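See structure below.
None of the values given here were measured: they were computed from a predicted structure.
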Amino acid sequence: MEIRRFRNRDADEVAQLIAHTLRISNSKDYPEKYIQMNIDTHSSEVIVERAEQGHFYVACHGERIIGCGCIAPYWGSVTESILLTIFVLPEYQGNGVGRKIIETLEQDEFFFRAKRIEIPASLTAVDFYRKMGYAFKNGAEQPEDRLLYRLEKFR
């Protein structure tokens, strides 16, 4: 497995990866309407925009993109960053791909310059992020609107 920076030509494959992962991995925790809304908001165009605003990485197995993740300034802050768009194809989950993506994001300059890093965690992935050292923001152990947890890590 190799992790490299996103290239604009990866956008369609990344959008398909996200849609597939949402339909398979997240469908047990979310209704179809919410899954479709997330798919719609992770189009190829949105992925390219996100890569322009932050540092977007892809995990590859050979030529196939099997995972992705992004780190960006949190609302333009220099002292806070946010992890976004972290997905791993279902058939590769549980094999260390997600861990490697997080470790890569945590070696990025946006991580090192930040005092606080936030991640909006799905119901599906909250336990994974907690194992990676992220804690509930302000101790709030309940998801916002029953949809996402706000997690954070301080450096």
Side-chain angles (χ1 to χ4, degrees), residues 1-72 74 81-112 114 117-137 141-153:
M1 177 183 59
E2 170 199 9
I3 296 189
R4 63 168 172 78
R5 287 292 288 269
F6 170 88
R7 299 177 197 130
N8 285 351
R9 68 175 181 254
D10 298 328
D12 289 339
E13 188 175 355
V14 169
Q16 291 170 13
L17 174 154
I18 293 168
H20 179 71
T21 303
L22 284 166
R23 285 188 182 112
I24 303 300
S25 299
N26 297 72
S27 62
K28 68 183 184 320
D29 295 315
Y30 294 99
E32 176 58 33
K33 183 178 180 181
Y34 184 78
I35 297 288
Q36 189 58 52
M37 180 201 66
N38 267 281
I39 291 169
D40 294 343
T41 59
H42 287 91
S43 67
S44 301
E45 296 79 19
V46 170
I47 300 299
V48 169
E49 286 175 24
R50 190 156 287 167
E52 290 170 355
Q53 296 167 358
H55 295 161
F56 205 111
Y57 295 86
V58 293
C60 301
H61 184 248
E63 295 297 313
R64 184 178 188 199
I65 296 174
I66 60 171
C68 62
C70 182
I71 186 166
Y74 186 69
S81 291
I82 188 166
L83 301 183
L84 300 162
T85 322
I86 300 169
F87 291 93
V88 174
L89 283 172
E91 57 269 32
Y92 288 90
Q93 292 173 9
N95 294 306
V97 177
R99 174 175 294 280
K100 195 72 173 156
I101 290 169
I102 296 293
E103 289 170 353
T104 299
L105 297 173
E106 290 181 347
Q107 292 300 309
D108 187 274
E109 67 183 279
F110 286 138
F111 184 85
F112 286 120
I117 298 86
E118 184 165 316
I119 182 165
S122 69
L123 303 175
T124 310
V126 68
D127 291 336
F128 167 73
Y129 297 124
R130 301 260 302 132
K131 288 177 189 170
M132 296 299 299
Y134 290 81
F136 295 109
K137 183 178 178 180
E141 296 185 23
Q142 297 301 316
E144 292 179 356
D145 299 327
R146 298 184 188 158
L147 298 173
L148 293 172
Y149 290 91
R150 294 286 171 182
L151 301 179
E152 63 187 356
K153 181 185 273 189

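Rounding to the nearest 0.5 angstrom, the gap separating the CG atom in L151 from the CD atom in E141 is 10.5 Å. To the nearest 0.5 Å, atoms CD (E118) and CZ (R150) are separated by 5.0 Å. To the nearest 0.5 angstrom, L84 atom CG is 9.0 Å from I71 atom CD1. If you take SG on C60 and CD1 on I66, they are separated by 7.5 Å, rounding to the nearest 0.5 Å. Once rounded to the nearest 0.5 Å, the distance linking CG of D145 with OH of Y34 reads 9.0 Å. The CZ atom of F6 lies 7.5 Å from the CD1 atom of I65; values are rounded to the nearest 0.5 Å.
Contact annotation: the side chain of T21 approaches that of L89 to within less than 4.5 Å [non-hydrogen atoms, C-beta and beyond]. Between Y92 and R64, the closest side-chain pair of non-hydrogen atoms falls below 4.5 Å. For the pair S122/N26, a side-chain contact is recorded, criterion being any heavy-atom separation below 4.5 Å from C-beta on. Counting heavy atoms from C-beta on, the side chains of C70 and I47 never come closer than 4.5 Å. Y149 places a side-chain heavy atom less than 4.5 Å from the side chain of L123. Proximity of V58 to L17: side-chain heavy atoms (C-beta onward) are nowhere separated by under 4.5 Å.
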Hey, can you pull the donor-acceptor pairs under 3.5 Å for the side chains in residues 99-107, sequence neighbours left out?
unit_1: T104; atom_1: OG1; unit_2: K100; atom_2: O; d: 2.9
unit_1: E106; atom_1: OE2; unit_2: Y134; atom_2: OH; d: 2.7
unit_1: E106; atom_1: OE2; unit_2: K153; atom_2: NZ; d: 2.7

Begin from the C-alpha positions of V126 and F136 and carry the test side-chain contact (heavy atoms from CB on, under 4.5 Å) through to its verdict.
CA-CA 10 Å; V126 68; F136 295 109; 4.2 Å; yes
Does the pair D40 and Q36 meet the rule for a side chain to side chain donor-acceptor pair (under 3.5 Å), with working shown?
CA-CA 6 Å; D40 294 343; Q36 189 58 52; 2.8 Å; yes
Full working for side chain to side chain donor-acceptor pair (under 3.5 Å) between N38 and Y30
CA-CA 11 Å; N38 267 281; Y30 294 99; over 6 Å; no
Before giving the answer on side-chain contact (heavy atoms from CB on, under 4.5 Å), spell out for H20 and E91 the whole-Å C-alpha distance, their side-chain angles and the decisive distance to 0.1 Å.
CA-CA 11 Å; H20 179 71; E91 57 269 32; 3.9 Å; yes
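When all heavy atoms of R5 and G54 are compared, the closest pair comes out as NH2-O, 4.4 Å. In plain terms, the two heavy atoms of I119 and L83 that are nearest each other are CG1-O, 3.7 Å.
Surrounding CD of E32 are more than 12 heavy atoms belonging to other residues, nucleotides or ligands, all under 6.0 Å away. A 6.0 Å sphere centred on NZ of K28 holds more than 12 heavy atoms belonging to other residues, nucleotides or ligands.
Between the side chain of Q93 and the backbone N or O of V88, at least one donor-acceptor pair lies under 3.5 Å. Checked by atom type and distance alone, the side chain of S81 never pairs as donor or acceptor with a backbone atom of A114 at under 3.5 Å.
Remark: R4 engages D10 in a salt bridge (Lys or Arg N to Asp or Glu O under 4.0 Å) (not counting sequence neighbours).
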